[in-house]
Amino acid sequence: MAEIELSEETREQAKHIGSADIVVGIAGAVAPEELHKRAEQAVAGLTPNGRSLRVVFAWPGAPGEPARTSGNGNGHSAVTLLPFAAPSALGEFWSGVSACQRAVLAVAGTLNARVCIVLGADLAGLQAQAIQLFAYAISERQ
């Protein structure tokens, strides 16, 4: 399997973010505003053992789109949206999905994330319960 090379812009934005507890990757095109809304809902109140988490949502965004961070006030977990340049895919639909999945894993590695969740482009899969289950596992070192 070929290694995914992140764009210089994505690497710089990741460097600015620093690290993440959880990276939630979206392996397909989504509307940034819808992602932002659902991301905030999914991590609202994530504070295992009273500690807020740094959650980064990575998705194939438009070139030049900046990362955005919100939250981390009043004990709420920080939500960062980090666009990455969608890797070029040769041929079939699934090769594009696979390239996006590998890009998300590369972002998670760059951010030294403790957990990486990769979802499809259907944001219905972005459920608060799933994020909370992973957060609990992190806090309890399971």
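This one's a predicted model, so the numbers in the text were calculated from it and none came from an experiment. Positions are given from 1, in the same order as the sequence printed here.
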(message) Any non-hydrogen side-chain atom of Leu35 less than 4.5 Å from a side-chain atom of Leu126?
(response) yes
(request) State whether the side chain of Asp21 and the backbone N or O of Val55 hold a donor-acceptor pair below 3.5 Å, judged by distance alone. (result) no
(message) Any non-hydrogen side-chain atom of Trp59 less than 4.5 Å from a side-chain atom of Leu81?
(response) yes
(message) Do Ile26 and Leu123 have side chains that approach each other closer than 4.5 Å (heavy atoms only, starting at C-beta)?
(response) yes
(request) Tell me, please, which residues at least two apart from Glu8 pass side-chain hydrogen bond (donor to acceptor under 3.5 Å, both in side chains). (result) Arg11
(message) I need the minimum non-hydrogen distance between Leu111 and Ala14, along with the two atoms involved.
(response) CD2-O, 3.4 Å
(request) Name all residues meeting the salt bridge (charged side-chain N to carboxylate O under 4.0 Å, His left out) criterion together with Glu34; count only those two or more places apart in sequence or in a different chain, and write none if there are none. (result) Arg38
(request) Mind listing the closest non-hydrogen atom pair of Pro83 and Gly61 along with its distance? (result) CB-CA, 3.8 Å
(message) For Glu9, give me all partners under side chain to side chain contact (heavy atoms under 4.5 Å, CB included), at least two apart in sequence or on another chain.
(response) Ser7, Gln13
(message) Could you check whether any side-chain heavy atom of Arg54 comes within less than 4.5 Å of a side-chain heavy atom of Thr80, counting everything from C-beta outward?
(response) yes
(request) Take Arg114 and Ser19, measure what side chain to side chain contact (heavy atoms under 4.5 Å, CB included) needs, and give me the verdict at the end. (result) CA-CA 9 Å; Arg114 297 170 67 192; Ser19 65; over 6 Å; no
(request) May I ask you to decide if Lys37's main-chain N or O and Glu40's side chain share a donor-acceptor pair within less than 3.5 Å? (result) no
(request) Give a yes or no answer on whether the side chain of Thr110 reaches the backbone of Ala106 with a donor-acceptor pair at less than 3.5 Å. (result) yes
(request) Go through the steps for Val56 and Val24 under the test side chain to side chain contact (heavy atoms under 4.5 Å, CB included), then give the verdict. (result) CA-CA 6 Å; Val56 174; Val24 178; over 6 Å; no
(message) I want to check something: taking the side chain as every heavy atom from C-beta on, are Leu119 and Phe57 in contact at a cut-off of under 4.5 Å?
(response) no
(request) Check whether any side-chain heavy atom of Ile117 sits under 4.5 Å from a side-chain heavy atom of Val23, and report yes or no. (result) no
(message) Could you report the tightest heavy-atom contact between Val104 and Cys116, atom names first, then the distance?
(response) CG1-SG, 3.8 Å
(message) To check you understand the geometry: which heavy-atom pair defines the closest contact between Ala85 and Thr10, and what is its length?
(response) N-OG1, 3.8 Å
(message) Looking at every non-hydrogen atom in both residues, tell me the closest pair between Ala103 and Phe84 and how far apart they are.
(response) CB-CE1, 3.6 Å
